[in-house]
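Because the structure is a prediction, the values reported are computed rather than measured. Just so you know, these numbers use all the heavy atoms, side chains as well, and skip hydrogens, waters and symmetry mates.
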Amino acid sequence: MKAFLHLIRFPNLVLIVLSQALAQACLLSRGIVWEKVLEPSFGLLTFSTVLIAAAGYIINDYYDVKIDAINKPERLVVGTVIRRRRAMFAHLVLSFLGIAIGFWLYIPIGLINTGAVFLLWGYSARLKKLPLIGNITIALLSATMLLVVAVYNDSLNRITLGYALFAFLISLIREVIKDMEDMKGDASFECRTLPIVLGIRNAKLVLYPIIAAFLAFAVIVALHSRTSPAFDIYMLALVLIPAIWLTIKLTRADRKRDFTYLSNLNKFIMLTGILSMLLVG
């Protein structure tokens, strides 16, 4: 069981549940309405998202057995603890259930879930090996994780779009950093990720404008939103300053452990950004 939970990235799935629950309770109505999170149909929506995300992690590890043996041999599950055939079967079952639940809830959600499954498969099999295309794919799926909540409610507002853009930008930053972290293993199997094609130095030059856009967006939200001063202080202390620190550390990063640190810092910014929804209402 421990190996399977590691395979499906259980902490990341918890983050998905938290993100969708806060979007449902805080972004799509005035104030914080926790009762909306307890709706059985919303539980099914979140469950379907979690199933598809878990299936995506499985298929990614299925295709990355050889690469992961170099990049993170201590974390290798598929092909060691869990047989590849069983991993593929689990992927297919989880994907089917996620799509079926989506269509049962609402046809547009079923279509979104179907698109997510095919994108995750394409990403794992091919897109992740291409410069920036794979990174953008995962970033779009991260944004869709929030937008699907708006589709479920048949309601979309500026603040939800803003958080979706936040999810897109911070995920894109992390994906490029992860490519820098995994450059050695990726290069061994003819991957064409951004740092392999351009080199670490030039990949950073691509990343800096993305980080600048993220910082500018966060500042604009803080200055022009109708939220409380507590929200502004929170964003400054727990999102903007860590993002600036990430940029400073990125300029000096040149080893795998440096990029591992930056990846973990990026996760922290993701979490604090998600929790800021509590101050929106």
**Q** Donor-acceptor pair, distance only, cut-off 3.5 Å: does the side chain of His91 make one with the backbone of Ala55?
**A** yes
**Q** When you measure from the side chain of Thr46 to the backbone of Gly43, do you find a donor-acceptor pair of N or O atoms at a distance under 3.5 Å?
**A** no
**Q** Does atom CZ of Phe89 have more than 12 heavy-atom neighbours, drawn from other residues, nucleotides or ligands, at distances under 6.0 Å?
**A**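 Atom CZ in Phe89 is not packed in, count stays at 12 or less.
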**Q** Could you tell me if the side chain of Phe42 sits less than 4.5 Å from the side chain of Val149, heavy atoms only?
**A**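 In short, these two side chains touch, coming nearer than 4.5 Å.
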**Q** Parallel, tilted or perpendicular for Phe166 and Phe214, by the 30°/60° rule?
**A**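 Phe166 and Phe214: tilted rings.
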**Q** Tell me whether Val239 shares a hydrophobic cluster with Tyr208, the cluster being built from Ile, Leu, Val, Met, Phe, Trp, Tyr side chains joined at under 4.5 Å.
**A**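 Looking at the clustering, Tyr208 is in the same group as Val239.
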**Q** Between Pro209 and Leu205, which heavy-atom pair has the shortest distance, and what is it?
**A**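 For Pro209 versus Leu205, the nearest heavy atoms are CD-O, 2.9 Å.
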**Q** Assess the residue pair Asn12 and Ile16 against the criterion (side-chain contact (heavy atoms from CB on, under 4.5 Å)); give the C-alpha distance rounded to whole Å, side-chain angles, the decisive distance to 0.1 Å, and a yes or no.
**A** CA-CA 6 Å; Asn12 292 359; Ile16 290 173; 5.7 Å; no
**Q** Can you sort out the partners of Trp104 under side chain to side chain contact (heavy atoms under 4.5 Å, CB included), two or more places apart, ordered by chain and number?
**A**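 Counting only residues at least two positions away or on another chain, Trp104 forms a side chain to side chain contact (heavy atoms under 4.5 Å, CB included) with Leu44.
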**Q** Using side-chain heavy atoms (C-beta onward) and a distance below 4.5 Å, is Met235 in contact with Asp232?
**A** no
**Q** Can you tell if the side chain of Leu27 reaches within under 4.5 Å of the side chain of Met277, non-hydrogen atoms only?
**A** yes
**Q** Testing the basics here: between Leu119 and Leu141, what is the closest heavy-atom pair and its distance to 0.1 Å?
**A** CD1-CD2, 4.0 Å
**Q** What is the minimum heavy-atom distance between Tyr57 and Leu7, and which atoms define it?
**A**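 Result for this residue pair: CB-O, 3.6 Å.
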**Q** According to a 4.5 Å side-chain heavy-atom criterion applied to Ile, Leu, Val, Met, Phe, Trp and Tyr, with indirect links allowed, do Phe268 and Leu215 form part of one hydrophobic cluster?
**A** yes
**Q** With respect to Ile138, which candidate in Lys178, Glu175, Arg174 satisfies the side-chain contact (heavy atoms from CB on, under 4.5 Å) definition?
**A**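 Among Lys178, Glu175, Arg174, the one that satisfies the side-chain contact (heavy atoms from CB on, under 4.5 Å) with Ile138 is Glu175.
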**Q** Give the minimum heavy-atom separation between Val37 and Ala21, together with the two atoms involved.
**A** CG2-O, 3.4 Å
**Q** Sort out for me which residue in Thr144, Ile112, Leu105 forms a side-chain contact (heavy atoms from CB on, under 4.5 Å) with Val151.
**A**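 Only one option passes, and that is Ile112.
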**Q** Under the 3.5 angstrom rule, does the side chain of Tyr234 hit a backbone N or O of Thr272 as a donor-acceptor pair?
**A** yes
**Q** Taking everything shown except Ile107 itself, do over 12 heavy atoms lie less than 6.0 Å from its CD1?
**A** no
**Q** When you check the side-chain N and O atoms of Gln20 and Tyr152, is any donor under 3.5 Å from an acceptor?
**A** no
**Q** Would you check if there is a donor-acceptor pair between the side chains of Ser263 and Asn266 at a distance under 3.5 Å?
**A** no
**Q** Could you tell me the separation between the CG atom of Leu250 and the CD1 atom of Ile211, rounded to the nearest 0.5 Å?
**A**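 Those atoms lie 5.0 Å apart.
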**Q** To the closest 0.5 Å, what do you measure between CD1 (Ile241) and CG (Leu236)?
**A** 4.5 Å
**Q** Count the heavy atoms belonging to other residues, nucleotides or ligands that lie under 6.0 Å from NZ of Lys184, then report whether that count exceeds 12.
**A**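 Open.
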**Q** With distance as the sole test, does Asn153 use its side chain to make a donor-acceptor pair with the main-chain N or O of Gln24 at under 3.5 Å?
**A** no
**Q** With rounding to the nearest 0.5 Å, note down the distance linking CG in Leu140 to CG in Leu172.
**A** 9.0 Å
**Q** Does the distance from a Lys or Arg side-chain N to an Asp or Glu carboxylate O, for Asp61 and Arg84, drop under 4.0 Å?
**A**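 No salt bridge links Asp61 with Arg84.
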**Q** Which pair of heavy atoms, one from Ser155 and one from Leu28, lies closest together, and at what distance?
**A** O-CD2, 3.6 Å
**Q** Tell me yes or no: between the side chains of Trp121 and Tyr63, is some donor less than 3.5 Å from an acceptor?
**A**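 A donor-acceptor contact under 3.5 Å links the two side chains.
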**Q** Taking atom CZ of Phe103 and atom CD1 of Ile109, what is their separation to the nearest 0.5 Å?
**A**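 Here the interatomic distance stands at 10.5 Å.
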**Q** Can Lys249 be said to sit on top of Tyr261's aromatic six-ring, NZ or CZ under 6.0 Å from centre and within 45° of the ring axis?
**A** yes
**Q** For Ile248, is there any backbone N or O sitting under 3.5 Å from a side-chain donor or acceptor partner on Thr251?
**A**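 Side chain of Thr251 to backbone of Ile248, a donor-acceptor pair under 3.5 Å: yes, one is there.
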**Q** Met88 versus Ile59: any side-chain heavy-atom pair under 4.5 Å?
**A** yes
**Q** Quick one about Lys128 and Asn60 (side-chain donor to acceptor, distance below 3.5 Å, no hydrogens or angles considered), yes or no?
**A**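 On atom types as modelled, these side chains qualify, holding a pair under 3.5 Å.
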**Q** Going through the distances and angles, do Ser276 and Tyr163 end up as a side-chain contact (heavy atoms from CB on, under 4.5 Å)?
**A** CA-CA 10 Å; Ser276 71; Tyr163 271 97; 2.6 Å; yes
**Q** Counting heavy atoms not belonging to Phe10, are there more than 12 under 6.0 Å from its CZ?
**A** no
**Q** Within this structure, what is the CZ-CG distance for the pair Phe259 and Asn264, rounded to the nearest 0.5 Å?
**A** 13.5 Å
**Q** For residues Val176 and Leu132, determine if any side-chain heavy atom of one lies less than 4.5 Å from a side-chain heavy atom of the other.
**A** yes
**Q** Between Ser142 and Phe168, is any pair of side-chain heavy atoms under 4.5 Å apart?
**A** no
**Q** Look at the side-chain heavy atoms of Ile, Leu, Val, Met, Phe, Trp and Tyr, link any pair under 4.5 Å apart, and say whether Val17 and Trp34 land in one connected group.
**A** yes
**Q** Hey, what do you get for CD1 (Ile58) to CG (Leu94), rounding to the nearest 0.5 Å?
**A** 5.0 Å
**Q** Treat each ILVMFWY residue as a node, draw an edge where side-chain heavy atoms are under 4.5 Å apart, and state whether Leu271 and Leu165 are in one component.
**A**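 Yes.
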**Q** Taking all non-hydrogen atoms of both residues, which atom of Leu120 and which atom of Gly56 are closest, and how far apart?
**A**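 Where Leu120 meets Gly56 most closely, the heavy atoms are CD1-CA, 3.9 Å.
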**Q** Quick one: does Ile52's side chain get under 4.5 Å of Ser95's, heavy atoms only?
**A** no
**Q** Would Val280 and Phe231 count as a side-chain contact (heavy atoms from CB on, under 4.5 Å) if you check the C-alpha gap in whole Å, the side-chain angles of each, and the deciding distance to 0.1 Å?
**A** CA-CA 7 Å; Val280 171; Phe231 177 83; 4.0 Å; yes
**Q** Of all residues at least two apart in sequence or in a different chain, which pass the side chain to side chain contact (heavy atoms under 4.5 Å, CB included) check with Arg126?
**A**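 Side chain to side chain contact (heavy atoms under 4.5 Å, CB included) list for Arg126, sorted by chain: Leu130.
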**Q** Checking Leu146 against Ser19 for the side-chain contact (heavy atoms from CB on, under 4.5 Å) test, could you report, in this order, the C-alpha distance in whole Å, the side-chain angles of both residues, the deciding distance, and whether it holds?
**A** CA-CA 7 Å; Leu146 293 178; Ser19 301; 4.0 Å; yes
**Q** Are Ile196 and Cys191 packed together at the side-chain level, in the sense that at least one heavy-atom pair is separated by less than 4.5 angstrom?
**A** yes
**Q** Between Ser41 and Tyr106, does any side-chain donor sit less than 3.5 Å from a side-chain acceptor?
**A** no
**Q** Check the hydrophobic clustering (I, L, V, M, F, W, Y; side-chain heavy atoms under 4.5 Å; chains of links allowed) and say if Ile177 and Leu127 are grouped together.
**A**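 No, because Ile177 and Leu127 fall into different hydrophobic clusters, even though each may have its own neighbours under 4.5 Å.
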